[in-house]
Every structure is written in C-alpha cells, then in structure tokens.
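Working notes, structure below.
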Amino acid sequence: MIDGLSFLNWKFFWPFFVGSLLLWGTFIWKEWPQRKERRFWVKLVVSFIGIASLLLMALKPAHQKEALLGRGIVLTEGHRPEQLDSIRSIFRRIKMESYIPGQTLALLETTDSLFVLGHGIQPFDVWQFKGKSVNFLGGGKPEGLVDIAHENELLLGDKLSIRARYNNPKSGHWLILNDSGGNGLDSIPLEDGTDQYIELGAKPKASGQFVYSLVEKDADGSLVGTEPLPIKVQPREPLKIWMVTNFPTFETKYLKNFLAENGHSVLARTQLTKDRFKFEYFNREASPIYQITPKALEGFDLIIMDTDSYLGLGTSSRAILEETIREQGTGLFIQPNTSFFKLSQRQSPFRFLVDGKSDFTFGGITQSLKKYPYSFQHRFPLQPIILDSVGISACIPMEKGKIATSVLQDTYHLILNGNQDLYARIWTHLLNELVRQQEVETEWQALTDIPRPNQPFGFQLRTNVESPKVETDQGMGIPLLQDFSVSTLWNGTRYPRRAGWNQLGISADSLSHFSYYVFDTNERKAMTQQNVLEANLRQFGQHGGFGKIKFSKSTDHAPISPFWFFVPFVLCMGWLWLEPKLFH
C-alpha cells in the first residue's frame, strides 16, 4: 500500500502482479525479433501502460476520503408522531431508522449526532451509542401497570402482598388478583386520575411454582389485560421451640397457640412454685426439661423466655445458653416487661431510651398497636428488625445465633380486635429473623428484572463447587465468568428461548436448581417501557429543545473509478492492434 492509497483487492496483489509480468513477458518474447527497430521500444512502453491499467482495474485502487457525519433519528417504541414531524420540518433530509432490540443500527455508521424518540434504547444496546452525541427527547407516558412489586419466594403460610402503581387508570375498571387456577382472591376498583397505588393480598394454600395473575376488567366484565405474577412457595419447615415463662400471661397463651396452629413443635414450661413446673407439648412427644444443659437445648431452633425467667438463670445456665446460641445458631427471644427496660448492662445486652410513645401505627390498619414507652439505643452490634418501616424489634448477633427482644406490648390485642393477619405478620417476621439459617452451598441471583425470550438474562452464582458447569433444562451448557476478587462468585448470561418457567442447574450438583420466569412479549409491557424510559433518562438526560449538535468527520477509502484505467487500456490495446497495419 502507498500512503493515502490502498487497494481493495490487496489480498490478490501477488497473483495479479505475477500474472501481469508473465503477460508482459509473453508480449516481449513475441516482439523480440523487432528489438533492433525503434518501434519495438515504443510498443514495449505502450504494452506496459496497457497491462498496468488492466492490473489496476483488477486491484481496485482507493484513496482516503473524509466524510462529514451528520444527524439521524432513532425511532423507539412510544415515539410521538408530532415530535417526529417537528424535527423533520427543521432537518428535511435527516436520516431515520427504527430501533429493534438486539440489532445493530446501520444509521450509526454515517451519523454522530442522534435524536432518540420514544421510550428509549434497551440497556443492553446502549453500548452502540458510545461516542455519539445523543439528544433523548422521550416519548409518551406509559399507561397501565408501570410498577409491580411482590415477593418472588414465600414460605407456605406467609401472605402474598402485591403492590402496584397504575398510570392513567379508567374509572369503572377493576383489578383482580387470581390464583393459578383463575379463582379470584382479592380485587380493587380503579379510579380516574393520573396515578393510583394498589395493594392486594392473598395467602397461598400449597407449595410449588405458581403463576398468579393481575386481571383488569371493564365495567361490563370484559377482559382488558392480564399480568402474570410468578410465585415460588416453599414448604415451611416446622421449628422446634422452647417457651419458658415464670407465670402464665395472655401474651404467652396466644403466642403459644399461634405457633402450634402453624405446625411448629412447641415445648412450653411454666413455673408454678419454686420446684414445680407445668409442661405443655404441641406437635411433639412429652419430654420435660427441668435444667438447662447442652443436651437438653440440642436441636431447638428458638427459645422464648420472659424477663423473669431470663433474670433467674444461674451463672452456669446462662453460660450454657449463650454457648448454644453461638455454636448451634439457636435464637433467643426475651419477652419484655416494664422492669426489663431498666436493667443494667450486666443484666441485659440491650440499651433503651425513653421516647414517651405508647403506640405504633402500621399502614393498612385503623387502630394503633401498644408499645412500651421506650426505643432502642442503636449502637453496634445492634441490628433493628423492621416491619412496614417501623422498628418493632432488634437483635444482637452472637456468632451463629441471635438474641432479640421487642418494645411491643400485649400483641394479643390484635387477635381480640380481629387483626389476626397483622399478628401473624409480626410474629412470622420475628421468627424468620431469629431462627438459624440453613447453610447452602449454592446461591443464585437473577440480575435481569423482566426476562424475555431471545433477550439476555443475567444471573449470579455463589458456590463452593470448583469450576461449576451450569446447564439449562434442555442440557445446554452456559459459559461462566469468575469474579476477579471473589473466587466463589460467577456471572453468566442466558438467552431463554421460551416464555414461562425456565430452569438452570449445576451438573455436579443435582439438588441445586434455579427456576426463573420468562415473560412473553406482551407481558409487563408498561412496566418495561417505564423502566427503559427511566434508564434512558439516567443515561442521556432529557432535552427540552434540540440542543447543540456537533459534527465529526470520518475517514474512509473511496474506490477510484475504473474508467480512468479502462480508457488507457483500450487506447493502448487499440494502438497495438492498429500499429502493424499502419507501418507495413
């Protein structure tokens, strides 16, 4: 190649060059008898020019050319026609292309300043716009269910809570929560307005993988739309609980009944006199515990003690209890009374401040919940336990286990007043925070909020398995990228082919499976549009006008027209053909 000049067929240079030399050599051999005449040398030069012109036509020479990159319009879903007409009235010859997720935009090769109209570019395609000047003008506001939040995994017996936001609802329409069999569980009417926040709930009756749904119907009962709600309900493992009280109370009675009704194994011991106890057994065999020993505490997931029982522990009993908490991961919950909040640092690890408040107010109920007039003094290592943005309790980690207490008072009043659901939520939440967690060798996490067919689904895998091999439910392997700083953390990307439940697994661990739900094209559409719109606003910002447009130049190789080589070739070949006729 020559500086500023190149050949488009450079890879064929040597075959073409050698062929040209052979052709010229053949011509010289043919005319060699005339080497003593002057016209021999003239024909030699003319033939060289002709053959060289033929060689250049075959190699296709090109020269560097600077081209001015210009403006372009990228049309995405939700763009407004009037916005497009306004831009085209100002820039009449502006280039335009519709965006298709996952495909490369050809427009980017000839433009460096772009108007993006509509809801915007999918996050996995933003890399295409690197180095470009982008004016994101946005699009129409998505209508429908633009935000849906719910627990993806539940324990059997827990309540499924659906929280959603509906843009531009229509009065007279209804939103209905259906189970996987199409049975209505809860509903709420839609009202006219800009936004409506929605809360629906139900309690699953069985464990497994289900697809609940939010169904919208109009005033006539006709179906308007359906949004799937994939839920995994795990079977609840019954807990082994030991309840120790110095005297019976209503709080202990109702808590004991609640735990038993939920299938937990409960051993309740109530002290009658100094050396006499009353034992009650729920969902377990009779096996009284008189003294705290390591063997007696073995196997319990949670111990519940009232304040007097906790303070009455001897030095050796308390040491055994704390050792069980640390080594076995058993949780300890201390039921407070008025005197508990005044204990010294030696008697209790918890510190409190007087706040003078005697009740809590939870969202969704009309009455308040009684509490002691104290709040936790938050200092390390205290960890708050929060429900509905309210700090109802706190715990202190002790190696594998935790010790906790609460400022709630007489929660059984909730049951008496008909708020059984809130009572269950409070105590279920506390139990889940306190009981020892099962150690798992493999942990999965989805990185893509709304997976779709033929689009990238990112996931993370934490495992102690060395060089894990992840496979799909069709047996296809998925390459993994190991984290540079955490050797047990791996990242992968999967392109699911079908909607519905899909599964990943580790080939070396048949028990480690990860199920995720892939939404069809028309599902979660408004929510996807809203997420993409917000992502583009963060990436590009939004311009009120067209803003300043900058232009760049690109260097490209423009081929030289073969006409400039064809004409000399024809003239040379014509002269060589005509020359013998003119000089003989």
Side-chain angles (χ1 to χ4, degrees), residues 241-256 259 266-280 288-298 300-355 370-379 381-385 392-399 401-412 427 430-431 433-435:
I241 302 172
W242 184 32
M243 297 186 68
V244 185
T245 55
N246 219 28
F247 55 89
T249 63
F250 285 109
E251 182 75 354
T252 302
K253 173 186 175 182
Y254 281 93
L255 178 57
K256 179 173 54 182
L259 296 174
V266 180
L267 167 58
R269 190 189 81 175
T270 305
Q271 188 166 4
L272 302 178
T273 62
K274 183 178 180 181
D275 296 320
R276 293 183 60 197
F277 301 94
K278 176 186 176 183
F279 293 95
E280 295 176 276
I289 298 178
Y290 292 94
Q291 298 292 332
I292 293 181
T293 63
K295 185 176 182 181
L297 298 184
E298 185 178 353
F300 280 106
D301 299 297
L302 178 64
I303 299 173
I304 300 175
M305 283 188 174
D306 63 7
T307 300
D308 293 335
S309 298
Y310 179 73
L311 293 177
L313 293 174
T315 304
S316 61
S317 296
R318 181 169 293 195
I320 293 172
L321 178 61
E322 292 180 354
E323 183 181 1
T324 302
I325 295 172
R326 289 191 176 94
E327 295 185 359
Q328 297 186 19
T330 304
L332 171 63
F333 182 81
I334 303 173
Q335 290 181 298
N337 58 18
T338 305
S339 62
F340 178 76
F341 301 96
K342 302 175 183 178
L343 297 179
S344 64
Q345 182 75 50
R346 182 182 61 83
Q347 294 173 304
S348 168
F350 297 95
R351 301 290 89 203
F352 299 93
L353 299 173
V354 178
D355 64 4
K370 290 180 63 178
K371 66 179 284 290
Y372 292 96
Y374 298 90
S375 61
F376 287 96
Q377 184 176 343
H378 294 286
R379 58 183 184 180
L382 188 78
Q383 297 179 353
I385 299 176
I392 60 174
S393 182
C395 65
I396 297 176
M398 296 177 63
E399 296 185 12
K402 298 175 183 177
I403 178 173
T405 189
S406 175
V407 293
L408 296 176
Q409 182 179 8
D410 297 336
T411 58
Y412 70 91
W427 282 105
L430 284 174
L431 292 177
E433 291 290 335
L434 281 178
V435 296

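Taking CD1 from I292 and CD1 from I303, the interatomic distance works out to 7.0 Å, rounded to the nearest 0.5 Å. In this structure, L297 CG and W242 CH2 are separated by 6.0 Å, a value rounded to the nearest 0.5 Å. For the atom pair CZ of F340 and CD1 of I334, the computed distance is 4.5 Å after rounding to the nearest 0.5 Å. Between T270 atom OG1 and K253 atom NZ the span is 12.5 Å, to the nearest 0.5 Å. Distance check: M243 CE to K256 NZ gives 7.0 Å after rounding to the nearest 0.5 Å. Residue E433 holds its CD atom at 5.5 Å from NZ of K402, rounded to the nearest 0.5 Å.
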Return all side-chain donor-acceptor pairs below 3.5 angstrom for residues 324-333, not counting sequence neighbours, or 'none' if the list is empty.
unit_1 : atom_1 : unit_2 : atom_2 : d
T324   : OG1    : I320   : O      : 2.9
T330   : OG1    : F300   : O      : 3.0

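Under the 3.5 Å distance criterion, the side-chain polar atoms of R269 are left unmatched by any main-chain donor or acceptor of F277. Proximity of a side-chain donor or acceptor of K278 to a complementary backbone N or O of L272 within less than 3.5 Å is not detected. Judged by distance alone, with hydrogens and angles left aside, the side-chain atoms of Y372 form a donor-acceptor pair with the main-chain N or O of P336 at under 3.5 Å.
For the pair F376 and S406, the tightest heavy-atom approach, listed with the atom from each and the gap, is CZ-CA, 4.1 Å. Closest approach of P397 to Q383, counting heavy atoms only: CG-NE2, 3.5 Å.
Here the side chains of K371 and D355 are in contact, with some heavy-atom distance below 4.5 Å. Between Q271 and S309 the shortest side-chain heavy-atom distance does not fall below 4.5 Å. At least one side-chain heavy atom of Q335 sits under 4.5 Å from a side-chain heavy atom of T245. Contact check for H378 versus P384: side-chain heavy atoms found under the 4.5 Å cut-off. Side-chain contact check for L259 versus L431: some heavy-atom pair is nearer than 4.5 Å. Residues F341 and V407 meet the side-chain proximity criterion, which asks for heavy atoms closer than 4.5 Å. In this structure, D308 and N337 have side chains that are in contact, with non-hydrogen atoms separated by less than 4.5 Å. Taking 4.5 Å as the limit, some side-chain heavy atom of F350 sits within range of a side-chain heavy atom of I396.
Residue F279 places its CZ atom among more than 12 non-hydrogen atoms of other residues, nucleotides or ligands, all under 6.0 Å distant. Within 6.0 Å of CD on Q345 lie more than 12 heavy atoms contributed by other residues, nucleotides or ligands.
Taking the ring centre of Y310 as origin, the terminal cationic atom of R318 falls inside the region bounded by 6.0 Å and 45° from the ring axis.
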message: Could you walk me through whether T249 and Y412 satisfy the side-chain contact (heavy atoms from CB on, under 4.5 Å) test, starting with their C-alpha distance in whole Å, then the side-chain angles of each, then the deciding distance to 0.1 Å, before giving a yes or no?
response: CA-CA 10 Å; T249 63; Y412 70 91; over 6 Å; no
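When each of T307, D306, L311 is paired with N246, the side-chain contact (heavy atoms from CB on, under 4.5 Å) condition holds for D306 and for no other.
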